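The structure appears right after this line, and notes come after that.
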Amino acid sequence: MTATTLSPRWSARFGRRPMLLTGLSILGAFVAMALLAPLVAPYDPIFQDAAVKLQPPSLAHPFGTDNFGRDVLSRVIWGARIDLQIAVIGVIFPFLIGTGIGTIAGFFGGWVDTLFMRIIDVVLAFPFLVLMLSIIAILGPGLGSFYIAMALVGWVSYARLIRAQILVLKTQDFAVAAASLGFSRLRIMFRHLLPNALAGSLVFVMSDAVLVLLNGAAISYLGLGVQPPVAEWGVMVAEAQGFITQAWWITLFPGLAIVTLAFGFSLTGDALADLLGVHE
């Protein structure tokens, strides 16, 4: 009887939880793979053995070998470290910058809001990837340049999300009451308004992580991100493009790794949106 009574309530409240668990399981598997790479990778990811180059998948090399005789499985495992780093760090700085600017612009309004909105308009006037490539070309290839470019370009979406929420929340009774009690502006912004405005941005972080991951792989593919012989999925695809017709496994497995990790972020973001009621 008890189980029958609780079943509809469980279904209504946690019906989307399998999606969240699946997404978190995928992300957890990649995190574990990255952390345990020295233990689970069967070979050194940069060790070259000309005697076994372009070997198809086998018991000795489950994902085959590349044109330098390197084990593809080991490179995919070690590549998880770089690509997870790209997805996380590439999101953190735009999130922090955009959240701060959006909070200030929405709270103060007036010329402060106008100034930041015009800056956002200027950034949005340029295609995202073209602007990123321009910044990286100026700074020079490498992950550091990629993170700087992401921070300079990616913050605008977070700023717009937070600003829109703050504009609504600052007129609510709790915010007016806090101001009437003489609380400082900083306290009202960051202790009363911002925590209530973060739900949408936290969901967007997961979707943005997918874009950052794909952009990082694309930048590395173009030779402006991670540099060979470091094991990174975008680099692996770029190095194997000349052998795709004769050694399909070199591009297939790093490509699947990118798609699977992106799928994990997407599932987690969709489930969080449902749990936090962002779509409502």
Side-chain angles (χ1 to χ4, degrees), residues 10 13-42 45 62-63 72-99 128 132 143 146-147 149-151 154-155 157-158 161-162 195 198-221 225-226 230-237 251-279:
W10 176 272
R13 188 173 182 180
F14 301 107
R16 298 289 183 175
R17 178 163 288 194
M19 184 188 300
L20 178 61
L21 293 177
T22 303
L24 291 178
S25 297
I26 293 173
L27 297 181
F30 276 97
V31 170
M33 184 169 66
L35 293 176
L36 299 176
L39 301 177
V40 299
F63 286 5
V72 175
L73 174 59
S74 299
R75 289 181 63 75
V76 168
I77 292 173
W78 279 91
R81 288 190 164 192
I82 301 296
D83 285 86
L84 277 172
Q85 175 187 321
I86 288 172
V88 173
I89 298 180
V91 163
I92 287 177
F93 291 109
F95 171 76
L96 294 176
I97 295 171
T99 297
F128 183 87
M132 276 195 60
L143 276 183
F146 173 76
Y147 295 142
M150 281 301 309
W155 64 271
S157 298
Y158 295 98
L161 280 171
I162 292 294
L198 280 177
S201 292
L202 292 177
V203 171
F204 183 72
V205 161
M206 291 297 171
S207 300
D208 197 31
V210 176
L211 297 177
V212 171
L213 175 64
L214 296 178
N215 285 331
I219 295 299
S220 295
Y221 177 85
V226 178
V230 176
E232 193 276 329
W233 299 333
V235 171
M236 294 175 67
V237 173
T251 55
L252 174 65
F253 293 112
L256 284 177
I258 295 172
V259 171
T260 305
L261 182 56
F263 184 61
F265 279 118
S266 296
L267 278 182
T268 305
D270 289 343
L272 285 177
D274 288 334
L275 291 176
L276 297 175
V278 173
H279 297 323

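Treat the numbers as computed from the prediction; the structure is a model and nothing was measured.
What you find for S220 and V235 is that their closest heavy atoms are CB-CG2, 3.8 Å. The two atoms that bring V210 and S266 nearest to each other are CG2-OG, 3.5 Å, heavy atoms only. Here the closest heavy-atom approach between residue P94 and residue I89 is recorded as CD-O, 4.5 Å. Scanning both residues, M33 and A80, for their nearest heavy atoms gives CE-CB, 3.6 Å. Heavy-atom minimum distance, V91 versus V212: CG2-CG2, 3.8 Å. In terms of heavy-atom proximity, G234 sits nearest to I258 at N-CD1, 4.4 Å.
I82 places a side-chain heavy atom less than 4.5 Å from the side chain of L143. Inter-residue side-chain proximity for W155 and T99 is flagged as unmet; no heavy-atom pair is nearer than 4.5 Å.
Between T22 atom OG1 and D270 atom CG the span is 12.0 Å, to the nearest 0.5 Å. The OG1 atom of T268 lies 9.5 Å from the CG atom of L21; values are rounded to the nearest 0.5 Å. In this structure, F265 CZ and L84 CG are separated by 6.0 Å, a value rounded to the nearest 0.5 Å. Rounded to the nearest 0.5 angstrom, L211 CG and N215 CG are separated by 6.5 Å. Note that CH2 of W78 is 13.0 Å distant from CG of L73, once rounded to the nearest 0.5 Å. Considering CG of L261 and CG of L256, their distance stands at 12.5 Å, rounded to 0.5 Å.
Environment of CZ in F128: crowded, with over 12 heavy atoms of neighbouring residues, nucleotides or ligands closer than 6.0 Å.
Using cut-offs of 30° and 60° on the angle between ring planes, the pair F30 and W233 is perpendicular.
Aromatic pair Y158/F204: centroids less than 6.0 angstrom apart.
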